[in-house]
Amino acid sequence: MAQNLTLLGIESSCDETAAAVVRLQSGGERQILSNEVAGQTDLHATYGGVVPEIAARAHAEKLDHVVEAALAQADVGLADLDAIAVTAGPGLIGGVLSGVMSAKGLSLATGLPLIGVNHLAGHALTPRLTDNLGFPYLMLLVSGGHCQFLQVDGPDSFRRLGGTIDDAPGEAFDKTARLLGLPQPGGPRVEQAAKDGDPSAFDFPRPLLNQPGCDMSFSGLKTALVRAKDQLVADQGGLFPQDRANLCASFQAAVADVLAAKAARAIRHYLERNPVEPVLAVAGGVAANAVLRASLQDTARSHGVAFVAPPLALCTDNAAMIAWAGIERFQLGLIDDLTLAARPRWPLDTSQAAMLGSGKKGAKA
Ligand code: KG4
Ligand code: ZN
């Protein structure tokens, strides 16, 4: 590679307004020069979930400031950039539009190339930013709106091996938290509460384990949790803190078992075609969960497969992953122009039918 590449990344597809500057050095070293994330949790707290209109307005108000902060933190000006990368989907359309319009404005004003990035590709390519992974690798992308096993063959080449047929695990964590009166986002709260609980206190279902393939289902788990909670309330007149902990721990154990069993299947399938130096990488907000990470790591190890999990701040939504995916596309000459469209749905693997359903983060890819 002849020269350094420095990109600004912008992310606004759900409830984080984020901007980051990432540099790929001529020698191949990756540097995250800044990674600014402004959350909106407070704005949505009273509604029990992300309100798309409120999210879009907040993005529009905050984007300029977050971009400014990312440039200042990185100590670079617009003139030092090689291109601007922005999440162009999938996600909540108002938020995606805010980011795309902001990036178009910057591109028009500076003449810098504009690169539209698939948010899921951002997550899926993160292990190349953090761990310098080569292609191909197996990826479990597991977040608030998505859950899929992907074979990642290139910056623009993904093959889906299986995924959820209904809820995403992050959605299930968030619903569990809501049901038990814990604040949003639910994942970290449920994980925290589960630390004091008994994972075998409730025998929650592990759906689709008897079916072939890597597809998963999490909506039945949620229903089982509602029933268990209602039964406790009927029997005791309410929930004790220990009940809450046990429900969280048992729920988390069921999710861990399903992900581990299906990961084992995805690994075996992957190994049939890619036996050399195999890697399982995880990404997405739910991959921040220490119990799930440990169980996936065990699964990988028992199959002789290396395990890569990016640092927590790069698992949840951020713009460094968008800047990095932009660098990968820039190197392939995949540059957009001002006709770049915001796409609420945008499957990574276009050779297969899209997954159905629509989660709290908008339409599934
Ligand atoms: O990737 P992400 O930031 O946003 C997208 O969905 O694209 O993921 C957010 C999701 C939320 O549902 C949140 O509850 C979940 O990731 N999450 C967790 C944990 N941290 C975040 N789920 C389980 N355990 C965690 N520690
Ligand atoms: Zn995400």
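Note that the structure is a prediction, hence the values are computed from the model and not measured. Both counts, for ligands and for their atoms, begin at 1 and track the order of listing. Sequence positions, counted from 1, serve as the residue numbers for this chain.
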Given the options Asn274, Asp153, Val279, Tyr137 meets side chain to side chain contact (heavy atoms under 4.5 Å, CB included) only with Val279
Enumerated ligand 1 atoms positioned under 4.0 Å from heavy atoms of His123: 1 (O), 7 (O)
For Gly285, the ligand 1 atoms whose distance to one of its heavy atoms is below 4.0 Å: 1 (O), 2 (P), 8 (O), 16 (O), 17 (N), 18 (C), 19 (C), 20 (N), 21 (C)
Side chains of Phe135 and Pro155: does their closest heavy-atom pair fall under 4.5 Å? yes
Do any N or O atoms from the side chain of Asn289 and from the backbone of Glu191 form a donor-acceptor pair under 3.5 angstrom? no
To check your reading of the site, what angle at the Zn ion (ligand 2) do OD1 of Asp317 and NE2 of His123 form, to 10°? 90°
Is ligand 1 less than 4.0 angstrom away from at least one heavy atom of Cys14? no
pair Asn318-Glu16: side-chain heavy atoms closer than 4.5 Å: no
Phe173 N/O to ligand 1 N/O under 3.5 Å: no
Relative to the heavy atoms of Ser143, which atoms of ligand 1 are at a distance of less than 4.0 Å? 1 (O), 5 (C), 6 (O), 7 (O), 8 (O)
Side-chain (Lys222) to main-chain (Ala172) donor-acceptor, under 3.5 angstrom: no
Counting from 1, what ligand 1 atoms have a heavy atom of Gly144 closer than 4.0 Å? 5 (C), 6 (O), 8 (O), 9 (C), 10 (C), 12 (O)
Other residues, nucleotides, ligands: >12 heavy atoms within 6.0 Å of Arg159 CZ: yes
Per-residue contact class, His119 against ligand 1 - non-hydrogen pairs under 4.0 Å: side chain
Would a 4.5 Å heavy-atom cut-off, applied to side chains only, mark Val37 and Asp317 as touching? no
Determine whether the aromatic ring centres of Phe173 and Phe251 lie less than 6.0 Å apart. yes
Atoms of ligand 1 close to Gly145 [distance to a heavy atom under 4.0 angstrom, numbered from 1]: 6 (O)
Relative to atom 14 (O) of ligand 1, which among Asn318, Asp174, Leu141, Val142 owns the nearest non-hydrogen atom? Asp174
Taking 2.8 Å as the cut-off, does an N/O/S atom of His119 lie below it from the Zn ion (ligand 2)? yes
Give a yes/no answer: is there an N/O/S atom of His146 under 2.8 Å from the Zn ion (ligand 2)? no
Have Gln148 and Asp349 got a donor and an acceptor in their side chains that come within less than 3.5 Å? no
Ligand 1 to Gly170, heavy atom cutoff 4.0 Å, flagged ligand atoms 12 (O)
Check this for me - ligand 1, Glu16, N or O atoms closer than 3.5 angstrom, yes or no? no
Name the residue from Ser217, Cys147, Ser219 that meets the side chain to side chain contact (heavy atoms under 4.5 Å, CB included) definition with Asp167. Ser219
If you measure every N or O of His146 against every N or O of ligand 1, does any of those distances drop under 3.5 Å? no
